[in-house]
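Just so we're on the same page: letters track the sequence lines, and every chain starts at 1.
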2 protein chains.
Amino acid sequence: MTAPAQPTSPRRSDATRAAILRAARERFAADGYERATIRAIAADAQIDPSMVMRYYGSKEGLFAAAAEFDLRLPDLAAVPPQQLGETLVRHFLTRWEGDETLVALLRAASTNPGAAERMRGIFADQLTAAVATFGTDPATTARRAGLVASQILGLAYTRYVVRLPPMVDTTPEDLVSWVAPTLQRYLTGTPGS
Amino acid sequence: MTAPAQPTSPRRSDATRAAILRAARERFAADGYERATIRAIAADAQIDPSMVMRYYGSKEGLFAAAAEFDLRLPDLAAVPPQQLGETLVRHFLTRWEGDETLVALLRAASTNPGAAERMRGIFADQLTAAVATFGTDPATTARRAGLVASQILGLAYTRYVVRLPPMVDTTPEDLVSWVAPTLQRYLTGTPGS
DNA sequence: GACCGTTGCCAACACTTGTTGGCAAACACT
DNA sequence: AGTGTTTGCCAACAAGTGTTGGCAACGGTC
């Protein structure tokens, strides 16, 4: 539809586009999908609301662009099997603290069907693929990935969304040492023990 | 403010009040706080939107009434210490499947500050109190309760809100056997192992 | 310098939202 | 029967929403 990605097309409006996207991520992360209004986002980006529509078509389109996200999971096949859990928690915590996109997605997925769909896609595709890279029974891969997602998202939900005091006050390193064994068991263990 | 609870006052409008509350819980659970409109709730309850205002004052008031919730946690002091985790997961799962109030609260807490505050209150008060009933170091009680909340809410979030397929398809009993050891460790274990 | 696409703002539309006031019917009580 | 209260609906308001079209200023190109 739009012009193919010509490397030589540094449009003057790219700065505006980026400003909108940044403001959108902030607002979506802070307020969720419905409370984050286009007018507020435009005000943050210091442009007119109509520009948002021109560049992103609709609010849904803006969110789709703002919620583009790559977990950037490390290659789990290269990680010592005993450290899989620790590696994963630490990775997610740093990924979260540095990029509010996932918090935006987390908040929006509670009320917006499209956001929930995107969330399912990210964890079904990226996380399941990563879990599949080391050799457990393929029949259990999806379930293991789901369990990992439940603890990871629960961690994010309580720490960044609801802000439960004990989860906010605990240092990332302490969280790692508590949660790592959980993920380790979900990834390589068996139910019951 | 209102009349004190006279046992002999079965008002005729109590049925309407209850219908509104039931519809409100359904809508809040399905759509979240902002998408659940008073008009839609009133339509479900087959009454006029203005009745909602008369009986509950405002949308916030309605939500406050609809989100009234008691975890009904069992007395953990009476549970064999080895079965604490299992007892808790099973309790939460049955509590969730049978009452959509917590799902409503879970969805709403993502975007509505008041709902998040209520969520903090429930888990800070009820869950922390339960965790405190058996004899671990009081200094670690809050953190243990927070970790339990993170796994429990993550379970609910992935299963009932985002509906990750592997978490939806897994039977409650399988979930119990996987998650129980996690809670057991959060409750009685030490970090690291 | 004339042309044309781009960038931006303003004003407005159509619609939905929570919320309010007034009025008719149903009820309770003497 | 006649009273005051309760229950319910209708119509409307003010505010805020996503979204649209038009129009001025700016940019580069011949």
Side-chain angles (χ1 to χ4, degrees), chain A residues 1-6 8-24 27-28 30-67 108 111-115, chain B residues 1-24 27-28 30-67 107-108 111-115:
Chain A
M1 300 303 172
T2 56
Q6 291 278 8
T8 55
S9 63
R11 301 198 157 280
R12 193 163 48 93
S13 60
D14 285 352
T16 308
R17 277 193 154 85
I20 294 176
L21 218 54
R22 186 161 9 106
R27 283 282 177 179
F28 282 134
D31 300 338
Y33 183 82
E34 11 275 335
R35 285 176 117 93
T37 72
I38 289 197
R39 282 175 168 84
I41 292 169
D44 288 357
Q46 296 182 345
I47 44 92
D48 191 86
S50 61
M51 307 300 297
V52 179
M53 306 304 297
R54 182 176 295 171
Y55 290 143
Y56 293 97
S58 67
K59 189 180 181 180
E60 289 257 352
L62 173 64
F63 179 80
T111 55
N112 186 269
Chain B
M1 300 301 172
T2 56
Q6 290 278 7
T8 55
S9 63
R11 300 199 159 280
R12 191 163 49 93
S13 60
D14 286 352
T16 307
R17 277 192 154 85
I20 295 175
L21 217 55
R22 185 161 9 107
R27 284 282 176 179
F28 282 134
D31 301 336
Y33 183 82
E34 13 273 336
R35 282 177 119 94
T37 72
I38 289 196
R39 282 176 168 82
I41 292 169
D44 287 357
Q46 296 183 342
I47 45 92
D48 191 86
S50 60
M51 306 302 298
V52 178
M53 306 304 297
R54 182 175 296 172
Y55 290 142
Y56 293 98
S58 67
K59 188 181 182 180
E60 289 258 351
L62 173 62
F63 179 81
R107 269 224 165 79
T111 55
N112 185 271

Short question: side chain of B:Y56, backbone of B:A64 - any donor-acceptor pair under 3.5 Å?
no
Nearest to the A:S58 side chain among D:dT19, C:dG18, D:dT17, which nucleotide is it?
D:dT19
Under the 3.5 Å rule, do the base of D:dG16 and the side chain of A:R39 count as making a donor-acceptor pair?
no
Less than 4.5 Å apart, any side-chain heavy atom of A:I41 and any of A:F28?
yes
About how many Å separate CG of A:L21 and OH of A:Y55, when rounded to the nearest 0.5 Å?
13.5 Å
Nearest whole angstrom, please: distance from the P of D:dT6 to the CZ of B:R17.
11 Å
Considering every strand and a 4.0 Å limit on heavy-atom distances, what is the contact class for B:Y56: base, sugar-phosphate, or nothing?
nothing
Rounded to whole Å, the CG-C1' distance (B:D31 to C:dT17) equals 15 Å
Find the distance B:D48:CG to C:dT19:C1' and express it as a whole number of Å.
12 Å
Atom CD1 of B:I20 and atom P of C:dG18 are separated, to the nearest Å, by 14 Å
Side-chain N or O of A:T16 closer than 4.0 Å to phosphate OP1/OP2 of C:dT7:
no
Without decimals, in angstroms, what is the distance between A:M51 CE and C:dC9 C1'?
9 Å
Could you tell me how far apart A:D14 (CG) and D:dG27 (P) are, to the nearest whole angstrom?
16 Å
Of A:Q46 and B:P49, the one whose closest DNA chain C nucleotide lies more 5'
A:Q46
Of B:R54 and A:R35, whose nearest nucleotide on DNA chain D comes first from the 5' end?
B:R54
Checking all strands, does A:S50 fall into the base, sugar-phosphate, or nothing category for heavy-atom contacts under 4.0 angstrom?
base
Starting at CD1 of A:I38 and ending at P of C:dT16, how long is that distance when rounded to a whole Å?
17 Å
Against the side chain of A:M53, the closest entry in C:dC9, C:dG18, D:dT19 is D:dT19
Figure out the OH/P separation between A:Y55 and C:dG5, and round it to whole Å.
16 Å
Salt bridge (Lys or Arg N to Asp or Glu O under 4.0 Å) against A:E34, all qualifying residues, sequence neighbours excluded:
B:R35
So salt bridge (charged side-chain N to carboxylate O under 4.0 Å, His left out) across residues 47-66 of chain A, not counting sequence neighbours, yields none
